[in-house]
Each structure stands twice: as structure tokens, then as C-alpha cells.
Amino acid sequence: MSYQALYRKWRPDNFNDVKGQDHIVTTLKNQINADRIGHAYLFCGTRGTGKTTVAKILAKAVNCEHPIDGNPCGECPACKAIAAGTSMNVIEIDAASNNGVDNIREIREEVQYSPTEGKYKVYIIDEVHMLSIGAFNALLKTLEEPPSYVIFILATTEVAKIPITIMSRCQRYDFHRITIDTIAGRLSDLMKAENINVEDKAIRYVAKAADGSMRDALSLLDQCIAFYLGKDLKYENVLDVLGAVDTSVFSRMLKTIIDSDVSGCMHFMEELIMQGRDLTQFVNDFVWYLRNLLLIKTTDDAAGIEDVIEVSRDNLEELKADSQLIDVDSLMRFIRVLSELSNELKFSTQKRVKVEVTFIKLMRPAMENKNDVSDVLSRLSLLEGQVSDALNRIKSGKVVMSSGEQNAAQTDGTGKGDEKPVVKRVYDAVPEDIRQIAGEWDSIINSIDDDLVKTILKGSRVTLAEDSQSLEIMVKSEMSYGIVSKEDTIQMIENFIEERTGISVRVICSKIENDEEFNKRYVDLSEIINMDIKVDDKEEFI
């Protein structure tokens, strides 16, 4: 006997074997048990979710001589004939190739004759959305009032293309994408039945790659088994066959992007291509990896996150470490840009060039739309990193000064310049209005609808101005100062304070060099009023 593909060999022959569609299976079994069978059904859903399989099981169940709890017995002549495809009572039609008016007219003529054996004549029309408008119109009357012994089962992957007049005459059932756990469980059972050793991690990766389709999962697994025929199937083997990459590769790529190492990224891309990795699959998996990082950074339930992102405990710890390397705004931008790339790759003839250009954009935010707030924030973050690196080099003495600068610094022969004494501000009392504003500062910031200003304010320092009546916002970078110190920005902040607290206060903006200078010369509002002001530790002083 010739080899039979796994998805054909293990196609369910009763409702109990159908996985992931319990809401449909239960309803159909109840209808059969109660003899409340409809005359027309519409099965909708993505490919490989069981539409045609359930249609065939339903056709067997309604004609079965000895049904068991709504399931076909599989032993009677009617069940065997339908399973073998020789029954005259079950007619399968592919609407993709039989989509004309004449094809539907043939059906209208055939339904005049009652079944030669069994109770029902069942018409299964697959990809019914491919029928022409004329064919749909020809089907209407027969679909609405068929003979009592006729059942129509229409299956489609594009329900939006079905005319409303057809849908209103059918019972509609939506087939859901099957979960990774359900697919993985089914694959494990089948591999035991086939006496093939497959690593659990490999099965789970195939289940995820199938994207909710049981048939796709079986086809992918069949492909992997064929390549390593007679051997145990490992996770690394699956990655090789499917052209995928391990999660450690994504971690390495992320660090390359964060470091803005264009040359390293291009060499890394070359390695992937030479290993035969599929670029489309790589981009899709990288988006999934970034999605997991985003969930880790935004989810408070540490105990339940493992199930949500569907990784092992060891991989979860690695993901948590990687999540500390990047902020939420950058993650959101990376996911947006790469998702757009994934859609474009489907129709691209120069996939490598498109992927390389996109990854360069991730490392060079200035190349993107300057009016996009997320891109502005990414460029701002990049500049801050560069400024921080420069300051660190200066502090460590790695920056070489010019001779003029050295002479200016060496005023006392010791190489140290004269330092002015630092005087810290002293406040006798803090006005009650300022106290109230300080207590609600976080909520005031969050109410601002300008994302760029909001981000800068979250990373700023707030203190009482020298006049002891005004609120002083201190920022560190020139860019931040240029944005916040604008008259319209100051006015906007004052308006939000007044709307939130009912207090009218003067706001001023100033620039400070670093945290050290601030701590020497100024007092944080939380210290002044002995009140805890919630500050996100992850926000940097900008």
C-alpha cells in the first residue's frame, strides 16, 4: 500500500476525535440525538481547522444505521460507503472549479430524486465563496426549501464573500483557530501511535508554526519526520528543516540592534542566510520574541506569565534578562516596523534587501518618519545613550582635552580647576498649593495627551523654584529643554495642573547637567514635603 500523509491517515472519523471545536461538535451531536437536523449549514473558518472533516462526519452520522451518542458507528454499510467515498448519498463539490450556473442547475435537478439508501442526501460544497453571483442566485430557492431528505453543508475560508441571502438560510458555525496546547497534545498522541520518538519541544514548535491549523501542523511534522527518517526527531532538527532559528539567536540580534551595530547585524544576517534560514519565518519569529518581551515588561503577574508567553522556565529567565535591555516604547516600535515588514515580504522579490534595510532603520530611527512620536522617542533615547556614554568617558578621564582646555583646568598646578562652592537651597516652608500639586504630579503627567512631553516629564526632576512660589521642572538634555521650555508647552502644563487640581501655578523649566549636581544644589519635592511621589525607577532623568 502506498504511503498516506499523516493528515489523511489520522483524519477524525467521529466527533470525539475532532480537537479544538467543542462548541460545534456538542451542538451537532445534540441535534442528531434530538433528531433536530437542519437543512443547511455554513461552516466558516481558517484552513485546517476541521470544516470538511466535520462535514463528512455529519454526513455519516445522519445516515448511520446505529449512531452512538450522536457519533456514526463506523461499522454499518452506510458509514463504510461514505468513508470509502463510494456512497451515492454524499456528494462533494469543489466550488473553485464548479462555480457556474450550470453546475448549480445540475444540483437542482438531482435533488428531485430521493436517496437510494439511507435517510439523507448530503451535498458538501467546499470553498463555496468561489461560486459566481449567478450560481448563488440559482442556489437560493433550493437552499431555502430543499426536499426533506436533502442537507446542504457549505464550507468557506472567506465568509465575507458569502451573500447575506445565502447566510440567512443557513445555520452558521465558526471554526476557531486551534490552540497550541491542543495541537501539541494531538501530535504527541499520534506520534505514540506511529512509534516515532519526537522531542516535546520540537512538537510544541511545530504546533506554534502551524498558526492554529491542525492540518498544517501534521504536514510540517510529516516533512520533518521524512527528513530524519528512522531517527529521533529533536528540536534542532525541526529548526533545520523549517528554516527557523533558536531563541538565543533572537537575543543576539536584539543586542546588536540596541548597540546600533549595523556591520555586526549585516554579518549576522549573512550567517542566517548561509545556514539556509527562511527570512520570512525569521522575521515572524522575531516579532513573536519581541511580543514575549513586551508581555514580560507590562505584566505584573509573574507566576502566570509562563503560560501566557508559552516558553519553558529556563527560557523565561533569559527573556526576563533580555527585557531589561530595552524600554516599552522601543519594543512597540520594533513590533510595528517588523509586522509591516512581514506583510510586505509576502509579495517581495528582494526579500533580503528589504529585511536588511528594515533592520538598519531599527538601528537608525532618524531614517523613519520624523512626525511619528514613537520614532521621535527612539531617536531621543538613542541620543541620550550617546550623551551618557560621552559623559562616562569624560568622568573616567578617557577624553583628551586640547592644550587650551588643559591650561584652563590647571590653575593650581595640580591639574584641578578651581571649584565653586556648592550651596544647597534651603526652604523655610512649602506652600500648600505646591504640596497638593506634588501629591498629584503623576496623575497630572498621565493626563497630558502629548506623548513626547509626557515622556520627558516622567524622566525630569521637579523642585520648588527660588521664589518659593513656582514649580521648577529640571531636565538634563538640550533637546528636552528645548521642548519643555517653549511658551506653549509651559502653558499646556500649567493648564493641565489647573484642570487636575484647580490650582493656578507658575511653571518654569531649567536645565541641569546631571543627577549629582541636582542632589548637591537642589531638593526633590518628595524630600521637601515628606511625601512619597511615585517615580518609575525605569524612567531616566532626561
Side-chain angles (χ1 to χ4, degrees), residues 294-302 305 323-324 326-333 372-378 380-381 384 425 427 429-477 479-512 514-515 518-519 522-542:
L294 183 62
L295 287 178
I296 288 174
K297 290 188 73 69
T298 56
T299 303
D300 296 329
D301 183 11
I305 191 65
S323 69
Q324 301 302 315
I326 188 170
D327 58 89
V328 172
D329 289 328
S330 295
L331 274 174
M332 293 288 287
R333 173 176 167 264
D372 193 302
V373 172
S374 64
D375 297 333
V376 172
L377 292 174
S378 295
L380 181 61
S381 178
E384 289 168 356
R425 290 183 187 173
Y427 301 96
V430 178
E432 189 61 35
D433 289 350
I434 300 297
R435 287 177 177 272
Q436 183 176 343
I437 293 171
E440 299 185 33
W441 183 243
D442 276 353
S443 61
I444 293 170
I445 293 177
N446 290 329
S447 65
I448 295 176
D449 49 16
D450 188 316
D451 290 337
L452 182 56
V453 173
K454 182 189 297 185
T455 301
I456 293 173
L457 291 181
K458 285 184 176 180
S460 66
R461 305 293 291 269
V462 183
T463 188
L464 191 62
E466 290 185 356
D467 60 8
S468 298
Q469 298 295 326
S470 305
L471 200 67
E472 186 169 359
I473 300 172
M474 294 184 163
V475 295
K476 188 166 61 173
S477 71
M479 182 181 293
S480 298
Y481 178 74
I483 293 171
V484 177
S485 62
K486 289 181 180 178
E487 185 176 345
D488 55 346
T489 305
I490 293 293
Q491 184 64 50
M492 177 186 68
I493 296 172
E494 291 176 350
N495 291 340
F496 273 106
I497 291 175
E498 188 168 3
E499 289 175 8
R500 194 75 187 181
T501 65
I503 299 170
S504 178
V505 67
R506 176 171 172 262
V507 174
I508 61 175
C509 179
S510 59
K511 179 177 173 298
I512 199 73
N514 49 52
D515 284 327
F518 179 91
N519 294 330
Y522 305 98
V523 181
D524 195 287
L525 273 182
S526 59
E527 298 177 16
I528 300 172
I529 61 177
N530 193 25
M531 180 186 297
D532 292 332
I533 301 177
K534 294 181 180 179
V535 178
D536 190 345
D537 293 334
K538 296 179 182 178
E539 298 288 352
E540 296 180 354
F541 175 25
I542 55 176

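Residue indices begin at 1 and follow the sequence shown. Below, all heavy atoms of this structure are taken into account, side chains as well, without hydrogens, waters or symmetry copies. What you are looking at is a predicted structure, and each value in this text was computed from that prediction instead of being measured.
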Steps toward side chain to side chain contact (heavy atoms under 4.5 Å, CB included) verdict (I473, I456)
CA-CA 10 Å; I473 300 172; I456 293 173; over 6 Å; no
Under 4.5 Å between any side-chain heavy atoms of I444 and L457, yes or no?
no
Taking the side chain as C-beta and beyond, is there a heavy-atom pair between I483 and V475 under 4.5 Å?
no
Could you give the distance from [atom1] ([X]) to [atom2] ([Y]), rounded to the nearest 0.5 Å?
X    : Y    : atom1 : atom2 : result
L464 : L471 : CG    : CG    : 7.5 Å
M492 : E487 : CE    : CD    : 13.0 Å
I497 : I445 : CD1   : CD1   : 9.5 Å
K297 : M332 : NZ    : CE    : 13.0 Å

Considering all heavy atoms, the nearest [X]-[Y] contact:
X    : Y    : result
R500 : E440 : O-OE1, 3.7 Å
T463 : M474 : CG2-CE, 4.0 Å
V328 : T298 : CG2-CG2, 4.2 Å
I326 : S330 : CG1-CB, 3.6 Å
C509 : I490 : CB-CD1, 4.2 Å
Q436 : I503 : OE1-CD1, 3.4 Å

Does the E494 side chain pair with the main chain of V507, one donor and one acceptor, at a distance under 3.5 Å?
yes
May I ask you to check whether N495 and Q491 show a side-chain donor-acceptor distance below 3.5 Å?
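The answer is yes; a qualifying pair exists.
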With K458 as partner, the option from I448, D442, N446 fulfilling side chain to side chain contact (heavy atoms under 4.5 Å, CB included) is N446
